[in-house]
Amino acid sequence: GETLWGMGRYEEASRLFVQASEMYLNAFGEDSPAVATEYQNEAMCLLSLSESTDKAEEKARKALAIKKKHHDDNSPHVAQSLGLVALTLQKQGKFGEAERLSRHALEMLQKSVGPETLEWAKALNVSADVHRAMGKSTVAVEEVRTAC
C-alpha cells in the first residue's frame, strides 16, 4: 500500500491498507500496534483523498488509542498519532482543536526526545500546516524554518 500511496494512487492504497488492517485484526486482535500502524496508513490515504476526513479522523483516533495502550504518555509514537489526529481535524476546519493537539504533540516530544530530532521536525511541520490553514502564515513559516 505504501508504494501505491507514494505514487498518488490513494484509492488502491487505501483498499490494501484496509485489507492489512483486517488481517492484523484477525491475527493479533484490535489492540495490536500493527493494527494501529495500518489505521494510521488508512487515515493518511483518506486525507489524501480529501473526501473522507471524518473517516480519517476515526482511523487516526483508533490508532492513537492503541498507541496509548502500548507506550507511555510522552512517547514519540503517541505524539505522532496525536499529530495525525490534528491533521484530520485541520482538514475538517476544526482549527482550535487541531492547534491544541499539535501543540500537545510538540510538548510531548520536548519531554521525550528533545527539539533537535526528526520526530520534532515532523511535529513542527504538522503544526505549521495547521497554522497555515488557520491563516497564521507568520507562525507557520517560523515553524518550518525551525524544523529545517
Q: If every non-hydrogen atom of Phe95 is compared with every non-hydrogen atom of Gln90, which pair is closest and at what distance?
A: CE2-O, 3.5 Å

Q: Looking at every heavy atom in both Val78 and Lys67, which two are closest together, and how far apart are they?
A: CG2-O, 3.7 Å

Q: With rounding to the nearest 0.5 Å, note down the distance linking CZ in Arg9 to OG1 in Thr3.
A: 10.0 Å

Q: Without swapping roles, check the side chain of Ser102 against the backbone of Gly83 for a donor-acceptor pair under 3.5 Å.
A: no

Q: Would you find a donor on one side and an acceptor on the other, under 3.5 Å apart, between the side chain of Ser75 and the backbone of Asp72?
A: no

Q: Could you grab the distance from atom NZ of Lys122 to atom CG of Leu124, nearest 0.5 Å is fine?
A: 13.0 Å

Q: Considering all heavy atoms of both residues, which atom of Ala43 and which atom of Ala56 are nearest to each other, and what is their separation?
A: CB-O, 3.5 Å

Q: Begin from the C-alpha positions of His70 and His77 and carry the test side-chain contact (heavy atoms from CB on, under 4.5 Å) through to its verdict.
A: CA-CA 9 Å; His70 292 275; His77 300 286; over 6 Å; no

Q: For Thr88 and Ala60, work out which heavy atoms get closest and say how close.
A: CG2-CB, 4.2 Å

Q: Nearest 0.5 angstrom please: Leu89 CG to Leu84 CG, how far?
A: 9.5 Å

Q: Are the side chain of Glu143 and the backbone N or O of Ala128 linked by a donor-acceptor pair below 3.5 Å?
A: yes

Q: Side-chain contact test, heavy atoms from C-beta onward, threshold under 4.5 Å: evaluate it for Thr53 versus Leu47 and give yes or no.
A: yes

Q: With rounding to the nearest 0.5 Å, note down the distance linking CG in Leu49 to OG in Ser14.
A: 6.5 Å

Q: Does a sphere of radius 6.0 Å around OH in Tyr10 hold more than 12 heavy atoms from other residues, nucleotides or ligands, not counting ones at 6.0 Å or beyond?
A: yes

Q: Any non-hydrogen side-chain atom of Leu106 less than 4.5 Å from a side-chain atom of Gln110?
A: no

Q: Just how far is it from atom OG1 of Thr146 to atom CH2 of Trp120, taken to the nearest 0.5 Å?
A: 9.0 Å

Q: Indicate whether the side chain of Ser81 and that of Gln40 have a donor and an acceptor atom separated by less than 3.5 Å.
A: yes

Q: Nearest 0.5 angstrom please: Tyr39 OH to Tyr24 OH, how far?
A: 13.0 Å

Q: Under 4.0 Å between a side-chain nitrogen and a carboxylate oxygen: does that hold for Glu58 and Lys62?
A: yes

Q: Check Glu119 against Leu109 and note the closest heavy-atom contact, atom names and distance.
A: O-CD1, 3.5 Å

Q: Just list the side-chain donor-acceptor pairs under 3.5 Å for residues 26-37, sequence neighbours left out, or say none.
A:
| unit_1 | atom_1 | unit_2 | atom_2 | d |
| --- | --- | --- | --- | --- |
| Asn26 | ND2 | Glu22 | O | 3.2 |
| Asp31 | OD1 | Lys69 | NZ | 2.9 |
| Asp31 | OD2 | Lys69 | NZ | 3.4 |
| Ser32 | OG | Ala34 | N | 3.1 |
| Thr37 | OG1 | Pro33 | O | 3.2 |

Q: So, Ser112 side chain and Met108 main chain: donor-acceptor pair closer than 3.5 Å or not?
A: yes

Q: With Glu57 as reference, evaluate Lys59, Lys55, Arg61 under the salt bridge (charged side-chain N to carboxylate O under 4.0 Å, His left out) test and give the passing residue.
A: Arg61

Q: Between Val126 and Ala86, what is the shortest heavy-atom contact and its length?
A: CG1-CB, 4.4 Å

